[in-house]
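Structure first, commentary second.
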Amino acid sequence: MARVVRIFKTLRNHWKKSTVGFCLLAYGSHWMYGKHCDNLLRRAACEEAQVFGNHRILPNSAIKKATVFLNPAACKGKARTLFEKNAAPVLHLAGIDITVVKTDYEGQAKKLLELMEKTDLIIVAGGDGTLQEVITGLLRREDQASFSKVPIGFIPLGGTNTLSRTLYPERENKVQQITEATLSILKGETVPLDVLKIKGEQDQPVFAMQGIRWGSYRDASVKASKYWYLGPLKARAAHMFSALKEWPQQHQASILYLGPAERPPEEPEQKPTRPPLHVRIYRRLALYWSPPKVEVPAEPVPEPWEEAQLSAVEVSITTENHQPDLMRTLDSMSIRIEPDTISKGEFIHLGAQKMADPLLHPGDSQVLLASRCSLHLPQGTEGHFSIDSEEYEAMSVEVTLLPRKLHFLCHPTRKQELLQSPTATGQS
């Protein structure tokens, strides 16, 4: 008992050292417990992947091949370690023959896609920028019609992983997010997503999964990292200094657009069976003896283009991939024109919110639905676009919607939610 009393007296007499010691002990215990939970998640994912790997392969079937495009610089240089510890073991245990292609510099993935050989699966391990490069390189290929049918998996390893909100349930734990995404790739459930084709005056087209932004909110958000020392106030500071530097902030342009297009019928997954021989002979004879049909050339129907002059604080052209409606009958992209009549306070408040969710916009914004559009900027316009969080020089562009162009692997429960969402069930 006397020993216990001496210990408590020592702690009381050295209370500063005791407080620091207890804080370090609590932090260390919490850190070790987190590592233990991460290991349990990895073990559970590997055990589930082992089930896929234990499936027997028929003698005449080949092992599934996957090409992984990994950006080691993503997530502040931690992407390679995250992939090798959390995703690679799961893919190996599932019996997939993976080829890892690591990118060394910006734009390299586009060039590597031109040399990619046939593969059963494409996996993008990175963030929004890596994904944008991969789909751009994929759709620039001459044989993109066949390669665009290859399912694409996305492992969120970047600083911004916008598409992961569509494909997977949201998780705060990074290890759980990566392992669930990798297991979703093995389960094979896919969801068709739209792509935007963005063509400048001279450059090759760029393809985007989310959209294109041009305006003051985008410019201020890019500068927010300069005020890192302000912590959670850096977003407000960036927008405040932007408003003090120039006000009002107006972006003027003209836009031509076509309305939504009707969704074409889906292509059958299996080819129709070949008819019997006597049916084919009868069809050939009927075609041979029937008189040739005289086709009357139809007069071309002019496309109903509409024009709008805009003066806005920001303009964005986005897909509906953030909440895709799998049952819709019309295909369209959204053109949001945010008014330039807002006050400085509203600009700062909304700008800070748009840092977390770029799709937020004021209630009085003008929203146009279109299948194609042409954005014309005045001569001498300076500034930059953001295309899927990547910076491009601002110029006049043509934007075309490619509906359901790519098929992404997703979590099974997430696909059920999309099929049962109000936007899908409420379609008349």
Side-chain angles (χ1 to χ4, degrees), residues 38 41-58 60-75 77-105 108-138 141 143 146-158 161 163-164 167-168 174-191 406-412:
D38 290 345
L41 289 171
R42 295 188 186 101
R43 180 181 297 178
C46 289
E47 290 175 354
E48 189 172 348
Q50 186 69 54
V51 176
F52 293 93
N54 290 336
H55 289 169
R56 292 186 177 181
I57 301 177
L58 298 176
N60 58 347
S61 61
I63 298 177
K64 182 179 289 188
K65 295 182 179 180
T67 304
V68 181
F69 290 90
L70 172 63
N71 180 11
C75 195
K78 301 177 183 178
R80 179 177 177 178
T81 303
L82 290 172
F83 175 79
E84 292 177 348
K85 292 184 67 174
N86 304 300
V90 176
L91 295 173
H92 286 299
L93 286 171
I96 298 178
D97 181 14
I98 64 172
T99 302
V100 180
V101 179
K102 299 175 183 177
T103 59
D104 297 324
Y105 55 87
Q108 186 182 18
K110 300 175 187 177
K111 299 179 181 178
L112 294 174
L113 258 297
E114 299 176 359
L115 307 174
M116 185 180 68
E117 299 179 353
K118 186 177 180 181
T119 184
D120 300 315
L121 180 64
I122 298 174
I123 300 176
V124 182
D128 288 348
T130 309
L131 180 62
Q132 190 262 334
E133 285 191 16
V134 170
I135 64 168
T136 296
L138 178 68
R141 292 177 61 109
D143 55 351
S146 60
F147 263 87
S148 61
K149 297 178 181 178
V150 177
I152 301 174
F154 179 54
I155 301 178
L157 300 179
N161 308 292
L163 197 64
S164 66
L167 302 177
Y168 316 116
K174 190 70 174 178
V175 174
Q176 186 178 10
Q177 185 184 31
I178 297 171
T179 54
E180 279 196 358
T182 310
L183 290 172
S184 300
I185 293 172
L186 303 179
K187 294 173 183 177
E189 291 287 344
T190 61
V191 57
L406 299 176
H407 289 75
F408 278 79
L409 294 154
C410 67
H411 196 279

Which pair of heavy atoms, one from Met116 and one from Phe147, lies closest together, and at what distance? CE-CE2, 3.3 Å
Non-hydrogen atoms of Val90 and Ala45 that approach each other most closely: CG2-CB, 4.0 Å
Check whether any side-chain N or O of Arg42 sits under 3.5 Å from a backbone N or O of Pro89 as a donor-acceptor pair, and report yes or no. no
Let's go through Phe154 and Asn161 carefully: what are the C-alpha distance in whole Å and the side-chain angles of both, what is the deciding distance for side-chain contact (heavy atoms from CB on, under 4.5 Å) to 0.1 Å, and is it a yes or a no? CA-CA 9 Å; Phe154 179 54; Asn161 308 292; 4.0 Å; yes
Please round to the nearest 0.5 Å and tell me the distance separating atom CD1 of Ile135 and atom OG1 of Thr130. 11.5 Å
Is there a side-chain contact between Leu186 and Glu48 (heavy atoms, below 4.5 Å)? no
State, to 0.1 Å, how close Asp128 and Leu163 come at their nearest heavy-atom pair, and which atoms those are. OD1-N, 4.2 Å
What's the spacing between Phe69 CZ and Leu113 CG if we round to 0.5 Å? 4.5 Å
How many angstroms lie between CZ in Phe83 and CD1 in Ile123, if you round to the nearest 0.5 Å? 7.0 Å
Distance-minimising heavy-atom pair for Thr190 and Pro151: CG2-CB, 4.3 Å
When you measure from the side chain of Thr103 to the backbone of Tyr105, do you find a donor-acceptor pair of N or O atoms at a distance under 3.5 Å? no
Please find the pair of heavy atoms, one from Leu157 and one from Ala79, that lie closest to each other, and give the distance. CD1-O, 3.7 Å
Could you go through Thr182 and Asn86, starting from their C-alpha distance and side-chain angles, then the distance that decides it, and tell me whether this counts as side-chain contact (heavy atoms from CB on, under 4.5 Å)? CA-CA 9 Å; Thr182 310; Asn86 304 300; over 6 Å; no
Taking the side chain from Asp120 and the backbone from Lys65, do they hold a donor-acceptor pair closer than 3.5 Å? yes
side-chain contact (heavy atoms from CB on, under 4.5 Å) evaluation trace for His411 with Leu167: CA-CA 6 Å; His411 196 279; Leu167 302 177; over 6 Å; no
Measure the spacing between CG of Leu82 and CD1 of Ile178 and express it to the nearest 0.5 Å. 4.5 Å
Distance check, rounded to the nearest 0.5 Å: Thr136 atom OG1 versus Leu138 atom CG? 9.5 Å
Sub-4.5 Å side-chain heavy-atom contact between Glu180 and Tyr168: no
Which pair of non-hydrogen atoms, one from Gly158 and one from Lys174, has the smallest distance, and what is that distance? O-NZ, 4.0 Å
Walk me through whether Leu70 and Ile155 qualify under side-chain contact (heavy atoms from CB on, under 4.5 Å). CA-CA 9 Å; Leu70 172 63; Ile155 301 178; over 6 Å; no
Does atom NZ of Lys64 have more than 12 heavy-atom neighbours from other groups under 6.0 Å away? no
Interatomic distance, CD@Gln132 vs NZ@Lys110, rounded to 0.5 Å, equals 5.5 Å
Lys78, NZ: over 12 other non-hydrogen atoms inside 6.0 angstrom: no
